[in-house]
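Below: one structure, written as structure tokens.
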Amino acid sequence: MTPGVRPLIAGNWKMNGTLREAAALAEGVRAGLDAVGGADLLICPPFVHLHVAAASMGWKAVGIGGQDCAAEPNGAHTGDVSAAMLADAGCGYVILGHSERRADRGETDALVRAKAEAAIEAGLIPVVCVGETEAQRDSGEAEAVVAAQMAGSLPEGFAVAKGVVAYEPVWAIGTGRTPTEADIAAMHARMRAEIAARFPGQGETLRLLYGGSVKPSNAAGILALPNVDGALVGGASLKAADFLGIAAAVPA
Ligand code: PGA
């Protein structure tokens with residue numbers, strides 16, 4: 001945690017579920033909200049489930065976010081969804097630069113930065129993901145890789161927009177493996193130093209999330225680490241009880 005910073009527990013539902021399941025999951029999260037007062041909650045359903053999930057949440061009990069947006073504001077971009085469309089659909093956030101998009105869709109730091117600019121322009125808070133591969137960690141490059149991704153992916157307006165950075169080691173996503181708490185703390189200290197140097201007076205209190213195999217059983221230890229201001233949760237966010245259990249692990 002960072003003193004004075006309210007943690008954010010974000011659920012990345014990825015490409016899972018039906019409309020009916022999205023409604024039920026959102027309803028399940030809403031039903032347990034009273035027990036998790038210490039953090040802001042955010043759910044990021046697939047685009048076509050955004051509306052039903054937001055409606056099931058009562059529209060404002062929890063933040064709603066997209067999992068990606070286009071860099072362009074509108075026009076002939078078949079299959080894409082603009083940041084303004086997400087805002088119009090009730091979103092307050094958008095995940096950008098997830099490693100699955102960087103790896104599977106070839107997204108570069110420059111593209112992620114352009115998308116983050118578009119998100120900010122539309123009034124969304126970008127949640128920009130960074131993280132090293134296993135080979136990069138093994139060769140001692142992890143911190144340098146993450147610092148370079150932050151330098152390349154965060155636009156100038158990021159701090160004013162209260163942007164969020166999520167550290168997600170690629171090898172920890174969906175694998176059940178996590179870095180040691182010491183390794184997470186070391187990475188987040190480096191990230192804090194980078195963002196505070198880039199945005200003096202603002203970067204000190206921007207939220208830095210950890211993501212990658214977060215679950216109720218490891219959340220308390222991770223969320224108590226310095227400079228860890230919440231979690232980006234994939235698999236465990238698909239069960240309301242697990243997602244709420246992670247949120248309940250936020251230190252008081
Ligand atoms: P995971 O995914 O929690 O299933 O590891 C995290 C993410 O990709 O955001």
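All residue numbers in this chain count up from 1 along the given sequence. In each ligand, atom 1 is the first atom listed, and ligand 1 is the first ligand listed.
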Using a 4.5 Å side-chain heavy-atom cut-off and chaining through intermediate ILVMFWY residues, the residues clustered with Ile125 come out as Leu8, Leu42, Tyr93, Ile95, Val127, Val164, Leu209, Leu232
- [ ] Please check if atom CD in Glu121 has more than 12 non-hydrogen atoms from other residues, nucleotides or ligands closer than 6.0 Å.
- [x] no
Apart from Trp171 itself, its cluster of hydrophobic side chains linked below 4.5 Å comprises none
May I have the list of side-chain donor-acceptor pairs in residues 234-242 shorter than 3.5 Å, sequence neighbours left out?
| unit_1 | atom_1 | unit_2 | atom_2 | d |
| --- | --- | --- | --- | --- |
| Ser237 | OG | Val233 | O | 3.2 |
| Ser237 | OG | Gly234 | O | 2.7 |

TODO: Evaluate the side-chain proximity of Phe158 to Ile195: yes if any heavy-atom separation is below 4.5 Å, no if none is.
DONE: yes
Distance filter under 4.0 Å, heavy atoms only, around ligand 1 gives Asn12, Lys14, His98, Glu168, Ala172, Ile173, Gly174, Gly212, Ser213, Leu232, Val233, Gly234, Gly235
Discussion item. Strictly below 4.0 Å, N to O, side chains only: are Arg6 and Asp229 in salt-bridge contact?
Written reply: no
